[in-house]
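Please read all numbers here as calculations on a predicted model, not as lab measurements. Lettering of chains follows the sequences in order, A, B, ..., and the numbering in each one begins at 1.
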There are 2 protein chains.
Amino acid sequence: MIRPMARTNTRFVEAYNELLNLCDQLEVGAYLPSENALSAQLGVSRTVIRSALTRLDDCSIIALDGREKILRRHSNVEDRLEGPPVLLGIEELESRFLDWVLRMDVPPGTVLNVAQLSKDFSVATHTLQEFFSSLSRFGIVVRRPRGGWVLLGFTKNYAVELSDFRTVLESNSVRHLAALPLDHEIWARLDSLEQEHLDLLLRIDKDFHDFSPLDEKFHAVINSVVVNRFVKEFQKIISLVFHYHFQWNKTHERERNEDAIREHLALIEALRSRDADKAEAAARRHLATSKQTLLSSLETNSHAT
Amino acid sequence: MIRPMARTNTRFVEAYNELLNLCDQLEVGAYLPSENALSAQLGVSRTVIRSALTRLDDCSIIALDGREKILRRHSNVEDRLEGPPVLLGIEELESRFLDWVLRMDVPPGTVLNVAQLSKDFSVATHTLQEFFSSLSRFGIVVRRPRGGWVLLGFTKNYAVELSDFRTVLESNSVRHLAALPLDHEIWARLDSLEQEHLDLLLRIDKDFHDFSPLDEKFHAVINSVVVNRFVKEFQKIISLVFHYHFQWNKTHERERNEDAIREHLALIEALRSRDADKAEAAARRHLATSKQTLLSSLETNSHAT
DNA sequence: CAATATGTTTATTATTATTAAAGACAGACC
DNA sequence: GGTCTGTCTTTAATAATAATAAACATATTG
């Protein structure tokens, strides 16, 4: 008789199985630690421990009487409990959802069916609702007047505005970076990045696919000099959108990547000069190229409006 | 016998009352329009119309038989239905919540009790959850590992990073603005803004309170030249935080506001020169002052860490 | 009697179940 | 053929519920 469970009892199941492990390490007849000790050890509340102990008693694994908890027998395979299917959290959902939108070319204007999607992504419906609510801050989805959600991005306009915004943020990072003292650790990191770029350039004909992760790393390093939670939050979305598209835009991929590498190298060079204007100019050149690539990748996938 | 209602039947109640109005305008014995026509007219689904018609029939207001809907009598006061209490939507919640945090000086680290707060703000619990989820994008709240939410901002660090971010965005706007052609409508708007500033300066001794809305308007106009959804989204938060604090920081308010007006005027002047560097410098000077004011207003309210 | 244990109660959240509403489809009617 | 109604399916908003955490009270032990 399985009753519907409002909240999943994952914590109970895990704690129970963990307690079995603990019991198996003791001799039959031994005393178990106090409830407080157990709850601290397993990192769950005393309530969970007490439920688990009660069940251990019911299954005659321990003899529970007040504060006496005497081990009566070791566990066997059947004593183990099976938990409910694990649902994904909101963090994993983010990349899976954006990946779905971009990979499947879900057109702007699509009505997002929460009931259906929650099954597809194996998350609770309300997790999706909360997720959409947070995505709406980036204008990727909007709430419909009387319930439901509509996918807005990624249109051409969205790409343009995202690119522009990225340019504003990254120009700022570059200017900051150029002003850092020579003994700052960033310079060593740039040296090693430069080497990685040069290495890849030598084997670009066959390894041009390796550029995407390097690009991500490069921009992450540049932006790391600005410690700002808003910049960081946006970087996540920017990174996802750009790299997803670059990954699937196969036209002239080798040339594009080679050009980008040379732009990266030019930017590193400009940064070393520690001339903010020169560095910013180099950054803007590269970001403009990036923007064009993003736009062309949207156009080949045709539904951009 | 009132049964619990999962979803509120506000739409039904409103449609029903609206139908009563409609009936009262007809003569007894007249035919009502088709269900489709009624649903189009009232802007609700046919399902709602049908429920309402059925009830009208039950109350002997109409005689419903297939597509015949004959009016039998006019309505009286008792026929009117009373809807369930109206809950606020997520849009109204935003300013109310931020206002509560800032006005009550809710300290960073406070655990946000969804059950309690949903009563206080008269919204559904899940509305609050979705709202917090969207706020988490701005780092104002964070989700706790196993459920619940914690208020993070507004710490001193938050203020610093928000100010810096604002400076980045607004410097960009200012550079854009300085590059606009002379026949662009923005110049006329700046002229009128300048006049408003000059006017206020004359009566600053008694009307220094009028500066806050003018400040908001000023920055909104400056930023309006950049058409970018991300910039717009942030402007909302920035505007709320800054203006709320300025409103409550009473130390040297007259001097602060007078200084700010002069900085605004200097910025307008610099913009008119259409020299991007000069304009940006003026903007940064003003934003730096603004940042200091925000920080000092946090310090006087003491719990900033 | 102080410290620590368990027993009991309360509060809060995550998730399910339920209802209102929207929309689709098919047959009836003019 | 077009419009109308009857029926059914799908979806999202909300209330109800089980799991958990945490607070409080009482008992036990050294």
- Query: With sugar-phosphate meaning primed atoms plus P, OP1 and OP2, does A/Leu64 contact a base, only sugar-phosphate, or nothing at under 4.0 Å between heavy atoms?
  - Reply: nothing
- Item | Pairs satisfying ring-ring contact (aromatic ring centres under 6.0 Å, His included), at least one member in residues 65-98 of chain B, at least two apart | B/Phe97-B/Trp100, B/Phe97-B/Phe131, B/Phe97-B/Phe132
- Message: Could you work out, with side chain to side chain donor-acceptor pair (under 3.5 Å) as the rule, every residue matching A/Gln41, not counting sequence neighbours?
- Response: none
- With a 4.0 Å cut-off on heavy atoms, is A/Leu53 in touch with a base, just the backbone sugar-phosphate, or nothing at all? nothing
Residues 53-72 of chain B, side-chain donor-acceptor partners within the protein, below 3.5 Å, at least two apart:
unit_1  : atom_1 : unit_2  : atom_2 : d
B/Thr54 : OG1    : B/Arg50 : O      : 2.7
B/Asp57 : OD1    : B/Leu64 : N      : 3.1
B/Lys69 : NZ     : B/Pro33 : O      : 3.4

- Whole angstrom is fine here: how far is it from CG in B/Leu128 over to C1' in C/dT12? 14 Å
- Item | Residue mapping more 5' on DNA chain C - nearest nucleotide basis, A/Ala37 or A/Leu87 | A/Ala37
Could you pull out every donor-acceptor pair under 3.5 Å between side chains of residues 85-94 of chain B and any protein atom, sequence neighbours left out?
unit_1  : atom_1 : unit_2   : atom_2 : d
B/Glu92 : OE1    : B/Gly89  : N      : 3.0
B/Glu94 : OE1    : A/Arg137 : NH1    : 3.3
B/Glu94 : OE1    : A/Arg137 : NH2    : 2.8

- Query: Roughly, in whole Å, what's the span from CZ in B/Arg143 to C1' in C/dA14?
  - Reply: 11 Å
- Message: Across nucleotides 19-27 of chain C, 5' to 3', mark each nucleotide with B, S or - according to how protein heavy atoms within less than 4.0 Å reach it.
- Response: BBSBBB---
- Would you indicate what B/Gln116 reaches in the nucleic acid, counting non-hydrogen atoms under 4.0 angstrom: base, sugar-phosphate, or nothing? nothing
- Message: On the nucleotide C/dT4, are OP1 or OP2 found under 4.0 Å from the side-chain N or O atoms that A/Asn36 carries?
- Response: no
- Note on the structure: Quick note, salt bridge (charged side-chain N to carboxylate O under 4.0 Å, His left out) partners involving residues 9-33 of chain B, not counting sequence neighbours, are B/Asp24-B/Arg80
- Note on the structure: Here the salt bridge (charged side-chain N to carboxylate O under 4.0 Å, His left out) pairs for residues 113-127 of chain A, sequence neighbours left out, are none
- Message: With nearest nucleotide decided by heavy atoms, which residue, B/Glu68 or B/His126, maps closer to the 5′ end of DNA chain D?
- Response: B/Glu68
- Interface limits on DNA chain D, where chain B has a heavy atom under 4.0 Å of a nucleotide atom: D/dC4 to D/dA21
- Task: For A/Gln235, check side chain to side chain donor-acceptor pair (under 3.5 Å) against everything at least two apart and list the hits.
- Result: none
- Query: Could you walk me through whether B/Leu117 and B/Trp149 pass the side-chain contact (heavy atoms from CB on, under 4.5 Å) check?
  - Reply: CA-CA 12 Å; B/Leu117 288 175; B/Trp149 296 89; over 6 Å; no
- In whole angstrom, give the distance that lies between atom CH2 of B/Trp149 and atom P of C/dT13. 11 Å
- Message: Side chains of B/Pro108 and B/Tyr158, heavy atoms from C-beta outward: is any pair under 4.5 Å?
- Response: no
